[in-house]
Amino acid sequence: MNLADTEIVLGILKDDGYEITHEISRADVVLLNTCSVRDNAEQRIYGRLGNINSLKNVNPNLVVGILGCMAERLRQDLVEEKKIVDLVVGPDEYRRLPEYINIAFNGNKGIGIKLSRTETYDDIIPFREDGLQAWLSVMRGCDKFCSFCVVPFTRGRERSRSLESIISEVKQLSSRGFKEVTLLGQNVNSYNDNGTDFADLLIAVTSVDPSIRIRFTTSHPQDLSDKLLYTIAEHPGLCNYIHLPVQSGSNRILELMNRTYSIEHYLNIIEKAKKIIPGVSFSTDIISGFPSETYEDHLMTLDVMLIVRYDGAYMFKYSPREGTKAFKMEDDVPEEVKAKRLQEIIDLQQKISYEKNQELIGNEETILVEGFSKKSDQFLSGRTDTNKVVIIPINPNIREGDYVNVEIDRTTSATLFGSVIKKINYDDKNIAVST
Ligand code: 5AD
Ligand code: SF4
């Protein structure tokens, strides 16, 4: 989400005549786009700011600014007390960034932290380097108010971008040769543009160019509809991959988290999705050590992991966030217990990932080739539509951006290794033909 926002900011600043430098010592303005979702993200920013501020000794006119979710929270501390930042602009005020930068150039503090109910940056063309993979925000904000989460406070109320502007952006990406687009929102399942829901949006997006793979994140288990599952099943351009955060396997904890679903409801969706979309994969988010979490609650989380058998998981220790409902609950799971439970969750996920990868040996998978493998230019690296990395030997007929069918020969918990069966081409009408 922040990467996509940074591209919006770059789009706005480029329009105003700014250029990007990859050498920080040459910059007149340095902006850090920040995340508040967990405390360690915030701590990292303090470290970075320390380093950047030393550049002011060389260039006293350097403007240093904070963008994103930390803006509101840290305005007082960074601008007024520590005075180490010249401007602070929150996620809904990027349009006015050139104005705030000028204020800062004139020696004053540029501060824009108001949240909006309508801003979607619909008409802004994000600045993206050429490549295969693009992020595209389809909505902003969140109305869910999970009790642990700071997002509804830092990013404001939920609002959807217009279908028209999304389609026009996807057309541009298609003409520039992008091959994978990930639609982003805190809760994409509640996308709504005057009655166009998320499933309708996916159909419209995949119809622009069926040779572009479409991914999306994040889905909330309460709002994931049957219509969406059937839509994924029916359209080959939509990846058979759903990121569906569970957070905890215990109904008592889910209720305290205000997640608004039970684990039975969650597992029911998983079962339905597996029936409707053959070969579908899931990933999830899990929090360990939420207030009052017992060992039994923790075991229920491990149980859910064993039932669903996720392809991947983002796993976190609970981090109290000021202003949230959970912040008022006692953070009573000791740090070492949180860490131990988190490690058990990570170990189990690694074991499941390894076993699931082993099951793929001998299977034929379609991958999008992304370039040379990180370790050797004798190998290419690609991804399956379920987001698994596959390494194949280089081949004179295969280039970055090609779709290739491969047979999986061997695996580790993180990587698959395969051999090429055939390349997939797209004809004039963008219909896949094997060659
Ligand atoms: N502590 C730990 N993890 C959190 N997340 C959100 N807020 C917190 C918090 N306070 C995690 C959730 C969410 C993901 C984006 O970050 O798992 O799905
Ligand atoms: Fe936060 Fe919950 Fe909204 Fe996700 S759905 S952004 S966890 S409030």
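For ligands, and for the atoms within them, numbers begin at 1 and follow the listed sequence.
Within the structure, the ring-ring contact (aromatic ring centres under 6.0 Å, His included) test picks out the following pairs touching residues 197-227 (sequence neighbours left out): F198-F216, H220-Y261.
Pocket lining of ligand 1, defined as residues with a non-hydrogen atom under 4.0 Å away: V37, R38, F148, Q247, D285, I287, F316, K317, Y318, S319, R321.
For the atom pair CD1 of I166 and OG of S168, the computed distance is 10.0 Å after rounding to the nearest 0.5 Å. Annotation: the span from D285 atom CG to L244 atom CG amounts to 9.5 Å, rounded to 0.5 Å.
Taking the ring centroids of F145 and F153, they lie under the 6.0 Å cut-off. Taking the six-membered ring for Trp, Y318 and F290 have ring centres closer than 6.0 Å.
If you count the protein N, O or S atoms nearer to atom 1 (Fe) of ligand 2 than 2.8 Å, you get 1.
Residues forming a salt bridge (Lys or Arg N to Asp or Glu O under 4.0 Å) with K325 (at least two apart in sequence, or on another chain): none.
Both the sub-6.0 Å distance and the 45° axial angle are not jointly satisfied by R321 relative to the ring of F327.
No side-chain N or O of T386 forms a donor-acceptor pair with one of D311 less than 3.5 Å apart. For the residue pair T182 and Q133, a side-chain donor N or O sits within less than 3.5 Å of a side-chain acceptor on the partner.
Around NZ of K114, the count of heavy atoms belonging to other residues, nucleotides or ligands within 6.0 Å does not exceed 12.
Remark: ligand 2 atoms within the under-4.0 Å shell around heavy atoms of R259 are 2 (Fe), 7 (S).
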